[in-house]
Colleague: 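Attaching a single structure in structure tokens format; questions to follow.
Order of listing sets the numbers, starting from 1, for every ligand and every atom in it.
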Amino acid sequence: MNCKKALITGGAGFIGSHLADSLTDAGCKVVILDNLTTGNLFNLRQIEEKITFYEGDIRDPEILDKAAKDCDVIFHEAAVVSVPQTVQNPVGSAMVNDIGTLRVLEAARRNSVKRVVLASSCAIYGDDPVLPKNENMEPKPMSPYAVQKLTGEFYARLYRNLYGLETVNLRYFNVYGPRQDPSSPYSGVISIFLTKAAAGQAPVIYGDGSQYRDFVFVQDVVRANLRAAVAERAVGKFFNVGTGGFIRIKDLWEMISGLAGVSAKPEYKPSRPGDIRESVANIDRARSLLGFNPEYSFEKGLKITHDWYRKKQTY
Ligand code: NAD
Ligand code: UD1
């Protein structure tokens, strides 16, 4: 990777911290700006000597200027990431996900950063019955979160057209892997199920459990980011980052309880408002323009993640 210095917003979080590991390994100087709402410094302990960390908010232009100084690229990961949380607090989450994103783009412009790679989401497709989801489909957001991510994409493309800032939007599908924080009921489902399994407890399944997701392993998402930071033909575009496969939520619990050797039966509750039913990616565009190919099968990624959560119980 031909990057001298990179800023990762939200770099103490799940995806951002894995990205920080890979960038430091590649010899890039890494700066992180994170307010530690859902992120954790523990995620950065292995690289703490190598990075510059700013504890602060992406809505604060002064700290953003310090963090973005002399960077060639910004990876924008900071966000309110939980769909239900944005349903409960549409205005507060928009302040972070919309205004915060605009602040990041402004800081990039002021500091002559060459490229910004932004974390978007497959949530923007909503419940369109056409599957798999491809980038030419009309977005049908069903939650404030999805509207906010879509707004971020529009701003990013505007900054390219108005100010010549190179921007790339990555529409992540459901990312999983070590370090995903399971502590809130709004956390990613795999982190919650693995934590329940490790404690021998039953999970809650919202809806009938037949809804499905395209789960993509975090290392694959990191590689998509690294490609997006350099690929010539990526600029001004948005890409699905998934696998093209899917797992139903009830089958997910079967797999996890099998791995963990627990027999607890899930408790079923009504579906969550704003929840989408079916989500699976067409990744042809990312394959052809980013050279992106997922390397982790679901079985392999789940095994690595399961092993990590099992050991985590002993910390
Ligand atoms: P995460 O919660 O682990 O990471 C988000 C980080 O942003 C945290 O470290 C948090 O402390 C930080 N943050 C939040 N608000 C901030 C603010 N105002 N200022 C500074 N820092 C702030 O979540 P993640 O799963 O790593 O998500 C990273 C990005 O990927 C997010 O933009 C999310 O919307 C997007 N995304 C995630 C998934 C997924 O399945 N995990 C899927 C699609 C998109
Ligand atoms: C997740 C991400 C969001 C991202 C989106 C892309 C998190 C917290 N959210 O949202 O940032 O943009 O993927 O698709 O990472 N479920 C249960 N029981 C539980 C928890 C969840 O049944 O205890 C169900 C949910 O109702 C849902 C599915 O599992 O149907 C996935 O939920 P979740 O992991 O929260 O992901 P998304 O809502 O898809």
Colleague: Any N/O of S121 closer than 3.5 Å to an N/O of ligand 1?
Modeller: no
Colleague: What atoms of ligand 1 come within less than 4.0 Å of a heavy atom belonging to G56?
Modeller: 19 (N), 20 (C)
Colleague: Students should be able to answer this: which protein heavy-atom is nearest to atom 30 (O) of ligand 1, and at what distance?
Modeller: Y172 CE1, 3.4 Å
Colleague: Are E77 and T9 close enough that a side-chain donor and a side-chain acceptor fall under 3.5 Å?
Modeller: no
Colleague: Just to be sure I read this right, does ligand 2 sit under 4.0 Å from the backbone of S187, its side chain, both, or neither, counting only heavy atoms?
Modeller: backbone
Colleague: Side chain, backbone, both or neither: which part of V189 comes within less than 4.0 Å of ligand 2 when only heavy atoms are counted?
Modeller: both
Colleague: What is the closest protein heavy atom to atom 30 (O) of ligand 2, and at what distance does it sit?
Modeller: D275 OD2, 2.7 Å
Colleague: Yes or no: does D34 have any heavy atom under 4.0 Å from an atom of ligand 1?
Modeller: yes
Colleague: Determine whether the side chain, the backbone, both or neither of K149 has a heavy atom under 4.0 Å from any heavy atom of ligand 2.
Modeller: neither
Colleague: Quick one: does Y145 get an N or O within less than 3.5 Å of an N or O on ligand 1?
Modeller: yes
Colleague: Quick check on contacts: which atoms of ligand 1 are under 4.0 angstrom from a heavy atom of G39?
Modeller: 8 (C), 9 (O), 10 (C), 11 (O)
Colleague: Give the residue, atom name and distance (to 0.1 Å) of the protein heavy atom nearest atom 9 (N) of ligand 2.
Modeller: V81 O, 3.5 Å
Colleague: Polar-atom distance check: K149 versus ligand 1, any N or O pair below 3.5 Å?
Modeller: yes
